[in-house]
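Inspection log for the structure reproduced underneath, given as structure tokens.
In what follows, residues are counted from 1 in the order of the sequence shown. Below, each value reflects all heavy atoms present in this structure, side chains not excepted, and no hydrogens, waters or symmetry copies. In this text the structure is predicted, and so the values were computed from the model without any measurement.
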Amino acid sequence: EKQTESIVKALFSDLLNEEESVYRCLEKDSGGEAPSNFDPVVIASRLRSMGDQCNMDFENTSQVVAEVLKGKIEKFGAAVDSLSRSWSNQNPELCYERAFLTVSVKLAMCVAKKVPAMVRHIQLVELINGNSRVRSYIEACGGW
């Protein structure tokens with residue numbers, strides 16, 4: 001749970017381009033080797049890369065997403081869950097849990113562009129930690 005919090009802080013810091021002295025600009029780590037120590041910046045960078053690869057057009061998906069992009073952040077969790085289920089159902093090779101992480105980051109990135117003041121209000125830590133399937137998936141992969 002604490003690791004997720006650190007990762008989300010690094011991700012939001014990058015999305016908002018602040019606190020660069022604490023969280024350096026996110027960069028991809030070199031190679032595919034597993035780091036010996038937990039590094040939230042590297043993990044946030046990987047999540048951001050996953051979000052960048054998401055080709056969903058949030059502008060035309062649903063009313064709930066449209067409301068989130070207008071600042072109704074309380075609907076963020078419902079939008080992520082709905083989009084994740086839909087996307088993983090359409091792409092059987094993509095598990096729900098990975099779709100969930102990708103969509104949540106991509107939607108947070110979209111919110112950062114549309115209504116940057118609302119990004120800090122997204123309860124992404126609680127959303128990830130509160131989803132038992134996603135939490136189990138992260139644990140089954142050996143953690144972050």
*Reported CG-to-NZ distance for the pair N129 and K2, which is rounded to 0.5 angstrom*: 10.5 Å
*So L124 and L11, side chain to side chain contact (heavy atoms under 4.5 Å, CB included) or not? Walk me through it.*
CA-CA 10 Å; L124 192 53; L11 179 65; 4.2 Å; yes
*Rounded to the nearest 0.5 Å, what separation is found between the CD atom of Q53 and the CE atom of M50?*
8.0 Å
Using residues 101-112 as the side-chain source, report each donor-acceptor pair under 3.5 Å to any protein atom, sequence neighbours left out, with the distance given to one decimal.
residue: T102; atom: OG1; partner: R98; partner atom: O; Å: 2.9
residue: S104; atom: OG; partner: F100; partner atom: O; Å: 3.0
residue: S104; atom: OG; partner: L101; partner atom: O; Å: 2.9
residue: K106; atom: NZ; partner: C54; partner atom: O; Å: 3.4

*How about N131 and Y96: does a side-chain donor come under 3.5 Å of a side-chain acceptor?*
yes
*asked:* For the backbone of A78 and the side chain of S82, can you confirm whether one donor and one acceptor N or O come within less than 3.5 Å of each other?
replied: no
*List for me each residue that meets side chain to side chain donor-acceptor pair (under 3.5 Å) alongside W144, sequence neighbours excluded, and say none if there are none.*
T4
*Hey, are the side chains of V115 and L69 touching, using non-hydrogen atoms and a 4.5 Å cut-off?*
no
*From R46 CZ over to D39 CG, what is the distance, rounded to the nearest 0.5 angstrom?*
9.0 Å
*Evaluate the criterion side chain to side chain contact (heavy atoms under 4.5 Å, CB included) for residue pair V119 and L16; output intermediate values, then yes/no.*
CA-CA 8 Å; V119 171; L16 298 172; 4.2 Å; yes
*What heavy-atom pair brings A10 and P40 nearest, and what distance separates the two atoms?*
CB-O, 4.0 Å
*Could you tell me the separation between the CD1 atom of I7 and the OG atom of S45, rounded to the nearest 0.5 Å?*
11.5 Å
*Within 45° of the six-membered ring axis of F12 and under 6.0 Å from that ring's centre, is NZ or CZ of R120 located there?*
no
_Sequence neighbours excluded, every pair satisfying salt bridge (charged side-chain N to carboxylate O under 4.0 Å, His left out) that has a member inside residues 109-119_ = E59-K114
_salt bridge (charged side-chain N to carboxylate O under 4.0 Å, His left out) partners for E1, two or more places apart_ = R135
*Measuring from Q90:CD to R85:CZ, what's the distance to the nearest 0.5 Å?*
14.0 Å
*Do I73 and L83 share a hydrophobic cluster (ILVMFWY, side-chain heavy atoms under 4.5 Å, transitive)?*
yes
*Sorted by first residue and then second, give each salt bridge (charged side-chain N to carboxylate O under 4.0 Å, His left out) pair with at least one member in residues 121-134; sequence neighbours left out.*
E97-R133
*asked:* Once salt bridge (charged side-chain N to carboxylate O under 4.0 Å, His left out) is applied, do any residues pair with K72, and if so which ones, sequence neighbours excluded?
replied: none
